[in-house]
Each structure stands twice: as structure tokens, then as C-alpha cells.
J.: 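Could you have a look at this structure, given as C-alpha cells, before my questions?
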Amino acid sequence: MVRVLVITLCIVLDVWLLHQIWVEERHLRTKSEKLLWTIGILLTHAIATAVYIFLDTTKDSNGNDTEKNL
């Protein structure tokens, strides 16, 4: 449940940031600057999501390691 909330919050914040950059500040930034900010926002979100999923998959729902020591 927490994973869904975190991902939903990230998506909402990304959409809000992109709206701010492309709609609200359309006269304050150049198109190349807007593209750089957009790429930065999307890359940061993708990297953070990948790290979160990678770190979270090493534990089961009870917080125990999924790898069994033999």
C-alpha cells in the first residue's frame, strides 16, 4: 500500500512540475531550457523509482530478506 502511495505522489508531483514549466512559466523560459528541465524531472523520477523497486524487492511483505542462507 505504501508503494502505491509513494508512486502516486511522485506522479502527481511530476505532473505538477511539468505543468508549472510548460504552462505557467511559458514566457519565462526558452524551449531548450524547458526541455532540459523536463528530461531532468523524468530521469530523476525514473532513477528514483528503479532504486526504490530494486531495494524493495530484496524484502518480502514482512520485511524479511527473500534470499535464504544455506
Side-chain angles (χ1 to χ4, degrees):
M1 182 65 179
V2 173
R3 183 183 312 175
V4 173
L5 290 174
V6 169
I7 292 172
T8 303
L9 179 64
C10 287
I11 290 171
V12 168
L13 291 175
D14 285 348
V15 169
W16 178 75
L17 280 172
L18 292 173
H19 178 267
Q20 287 295 111
I21 290 170
W22 287 97
V23 176
E24 297 296 324
E25 297 185 15
R26 69 180 132 211
H27 301 295
L28 299 178
R29 301 184 187 276
T30 63
K31 283 203 180 215
S32 60
E33 193 175 0
K34 288 179 184 182
L35 286 172
L36 286 174
W37 276 106
T38 301
I39 291 169
I41 289 167
L42 296 176
L43 280 177
T44 303
H45 178 83
I47 292 169
T49 302
V51 169
Y52 178 77
I53 290 171
F54 176 75
L55 292 177
D56 194 48
T57 56
T58 59
K59 301 197 181 267
D60 62 11
S61 62
N62 295 325
N64 301 323
D65 289 333
T66 55
E67 297 178 10
K68 296 187 180 203
N69 295 328
L70 298 175

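If you read the sequence from its start, that first residue is 1, and numbering goes on from there. The shown structure was predicted, so the numbers you read here are calculated from the model rather than taken from an experiment.
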J.: By side-chain hydrogen bond (donor to acceptor under 3.5 Å, both in side chains), which residues pair with Thr8, not counting sequence neighbours?
T.: none
J.: For the hydrophobic clusters of this structure (ILVMFWY residues joined by side-chain heavy atoms under 4.5 Å, transitively), does one cluster hold both Trp16 and Ile11?
T.: no
J.: Give a yes or no on whether Ile21 and Leu42 share a hydrophobic cluster (residues Ile, Leu, Val, Met, Phe, Trp, Tyr; joining criterion: side-chain heavy atoms under 4.5 Å apart).
T.: yes
J.: Working to the nearest 0.5 Å, report the span between CD1 of Ile41 and CG of Leu17.
T.: 4.5 Å
J.: Could you work out the complete set of other residues in the hydrophobic cluster of Val12, with links drawn between I, L, V, M, F, W and Y side chains under 4.5 Å apart?
T.: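 Hydrophobic cluster check, Val12: no partners found.
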J.: Hydrophobic side-chain clustering at under 4.5 Å (ILVMFWY, transitive links): who's grouped with Leu9? Put none if nobody.
T.: Leu13
J.: Output a table of donor-acceptor pairs, distance under 3.5 Å, between side-chain atoms of residues 33-40 and any protein atom two or more places apart or on a different chain; print 'none' if there are none.
T.:
from  : atom 1 : to    : atom 2 : distance (Å)
Glu33 : OE2    : Arg29 : NH1    : 3.1
Lys34 : NZ     : Arg26 : O      : 3.3
Thr38 : OG1    : Trp22 : NE1    : 2.7
Thr38 : OG1    : Lys34 : O      : 2.8

